[in-house]
> 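Take this structure, written in structure tokens, and hold onto it; I'll ask about it next.
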Number of protein chains: 2
Amino acid sequence: MGKGEETRAAVLDRAVDVARRLGLNGLTIGSLAEQAELSKSGLFGHFRSKEALQLQVLAHARTGFEVAVARPALRTPRGEPRLRKLFDLWMDWDALPGGCPFVAASTEFDDRPGAVRERLVRDQRDMIDMIATVFRTGVAEGHFRDDADADQFAQDMYGVILSRHHYLRLLDDERADQRARHAFEALLHAVRRIPSD
Amino acid sequence: MGKGEETRAAVLDRAVDVARRLGLNGLTIGSLAEQAELSKSGLFGHFRSKEALQLQVLAHARTGFEVAVARPALRTPRGEPRLRKLFDLWMDWDALPGGCPFVAASTEFDDRPGAVRERLVRDQRDMIDMIATVFRTGVAEGHFRDDADADQFAQDMYGVILSRHHYLRLLDDERADQRARHAFEALLHAVRRIPSD
DNA sequence: CCAAGAAGAGCACGACCGTGCGGAAAGCAC
DNA sequence: GTGCTTTCCGCACGGTCGTGCTCTTCTTGG
């Protein structure tokens, strides 16, 4: 890895941190340069426009998600264990300082057409589709009822994550975690093969 | 109502629209003045700072929520009917162009301390507490199990609203509504007095 | 209808934004 | 170690931001 790639990666690390807290618009070139201890133009040279920077921040964040959430989950046994692991890791990922950067970016760009929005839609769709896919393998394993709707489950589970995100970050409610886990258990209970208890 | 109040209200109407789409930061004085057909300084005179403008936008949006959601819901018979009405109206409110302005503002300000954030926390807490309160009257009416946790229900229901918000606005998924209603029915089913079926 | 006061326009300010250029300094291949 | 290439800085630009001043125009109470 040449010098260029090295500093670019370091800058992107900082940039994702900022994007978590302030979003992709709050991410300004001047302040980012300051944090990275580079001159504004020095930093700018690595990305040829602000939009390109935002796109690379998204790509970098996506890689982080894959490393911290997706891949470890997929290394867990198929079915319910994998789904649980996915949920747990996702919660951890969203509990990093600033929260999930995709959540912040989503509300920022849901009404701003352009390349950033398109990229964001793709990433979010992939992330959410992953829930549905993992759920379907759970059906195939016989853990979940085979008349259960995987897309319904994905939307429900993402709702649990999102409300916990808001409760935790805006309302500072320390019981948010516990309630989110309770809600997830209820979702699982509703789709289990042989509902007991 | 004097002339001042009149134009200020008109400006705030436009401002809430903008805040729905672009958030409270995307809301810029110059562009707002343009839309309101006022000079920048003419508009600025009504609010003595940008922060004051943002606070008044929040207050205006809250009034809108009360008129469109809270009050009509409270005019509906207590218990499950009222809770259903609350959910339906909330969904309509969030389906207005740009979506619920509080959702946009929440992710923007969850990491920006200050008066705006504090006001936002108060408003959001009130809105969500309303769910719990309506739910509790449903328990008192005998519609819901009296061992059901109202705060848990509130967080769950808000999650349904939030995930629908994302699916609808970012992902353009037209089945989001249907799934949200299905999820709400499932929530109701789980807390009903005598679980049947 | 007239005067006091409010509402709004015009203009300017310092700060920061994203962006570009030219030169210095560092990294790197041979 | 020399020479080319990449990396980075200094500086400047046009534009927009929030804010404040002064001055004109309108509204409104008596």
Side-chain angles (χ1 to χ4, degrees), chain A residues 1-19 21-58 60 104-105 108-109 111-117 119, chain B residues 1-19 21-58 60 104-105 108-109 111-117 119:
Chain A
M1 179 162 63
K3 181 80 189 312
E5 289 299 312
E6 193 175 323
T7 63
R8 217 192 83 227
V11 166
L12 283 177
D13 278 343
R14 301 289 310 145
V16 171
D17 281 357
V18 175
R21 277 180 277 265
L22 308 179
L24 287 177
N25 290 328
L27 183 66
T28 173
I29 297 202
S31 72
L32 184 58
E34 207 168 341
Q35 290 182 46
E37 288 174 317
L38 257 71
S39 74
K40 233 173 47 158
S41 60
L43 184 143
F44 185 80
H46 287 279
F47 319 90
R48 302 200 317 226
S49 73
K50 173 148 190 191
E51 195 180 47
L53 167 64
Q54 292 173 326
L55 289 171
Q56 292 193 41
V57 169
L58 284 181
H60 201 69
E108 266 187 293
F109 281 86
D111 268 303
R112 300 186 199 237
V116 176
R117 197 199 121 103
R119 171 82 205 214
Chain B
M1 180 163 63
K3 181 80 188 313
E5 289 298 312
E6 192 175 323
T7 63
R8 216 191 86 228
V11 166
L12 284 177
D13 279 342
R14 301 290 309 145
V16 171
D17 280 358
V18 175
R21 277 178 277 266
L22 308 179
L24 286 177
N25 290 328
L27 182 65
T28 172
I29 297 200
S31 72
L32 184 57
E34 207 168 341
Q35 289 182 45
E37 287 174 317
L38 257 72
S39 73
K40 231 173 49 158
S41 61
L43 185 143
F44 185 79
H46 286 281
F47 320 90
R48 303 202 315 225
S49 73
K50 171 145 192 195
E51 195 180 49
L53 167 64
Q54 291 173 326
L55 289 171
Q56 292 193 42
V57 168
L58 283 181
H60 202 68
E108 266 187 292
F109 282 86
D111 268 303
R112 300 185 200 241
V116 175
R117 196 199 123 103
R119 171 82 205 214

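Residue numbers start from 1 in every chain, and the chains themselves are labelled A, B, ... in the order their sequence lines are given, proteins ahead of strands.
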> What is the distance from CG of B:Leu43 to C1' of C:dG10, rounded to the nearest Å?
15 Å
> Taking only the side-chain heavy atoms of B:Ser39 (C-beta and beyond), determine which of D:dC8, C:dC17, C:dG8 contains the nearest atom.
C:dG8
> Among D:dT19, D:dC9, C:dA9, which is the nearest nucleotide to the side chain of B:Leu38?
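In terms of side-chain proximity for B:Leu38, the closest of D:dT19, D:dC9, C:dA9 is C:dA9.
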> Report the C-alpha separation of A:Phe47 and A:Val57 in whole Å, then their side-chain angles, then the decisive distance to 0.1 Å, and conclude whether the side chain to side chain contact (heavy atoms under 4.5 Å, CB included) test is met.
CA-CA 11 Å; A:Phe47 319 90; A:Val57 169; over 6 Å; no
> So which atom in B:Gly23 and which in B:Ala104 form the shortest heavy-atom distance, rounded to 0.1 Å?
CA-CB, 4.5 Å
> Can a donor-acceptor pair be found, under 3.5 Å and without considering hydrogens, that links the side chain of A:Glu108 to the backbone of A:Asn25?
yes
> Evaluate the side chain to side chain contact (heavy atoms under 4.5 Å, CB included) criterion for residues B:Val116 and B:Leu55: first the C-alpha distance (whole Å), next the side-chain angles of each, then the deciding distance (0.1 Å), finally the verdict.
CA-CA 6 Å; B:Val116 175; B:Leu55 289 171; 4.2 Å; yes
> According to a strict under-4.0 Å criterion, is B:Thr28 in side-chain N/O contact with OP1 or OP2 of D:dG18?
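So the side-chain polar atoms of B:Thr28 do come within 4.0 Å of the phosphate oxygens OP1 or OP2 of D:dG18, strictly under.
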> Is the distance from OP1 or OP2 of D:dT6 to the nearest side-chain N or O of A:His46 less than 4.0 Å?
no
> Using whole Å, report how far NZ of B:Lys40 lies from P of C:dC13.
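Rounding to the nearest Å, NZ of B:Lys40 and P of C:dC13 are 14 Å apart.
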> Provide, to the nearest angstrom, the distance between the CZ atom belonging to A:Arg48 and the P atom belonging to C:dC21.
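Value for this atom pair: 12 Å.
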> Does a side-chain N or O from A:Ser41 land closer than 4.0 Å to OP1 or OP2 of D:dC11, or not?
no
> Rounded to whole angstroms, how far apart are CG on A:Asn25 and P on C:dG18?
10 Å
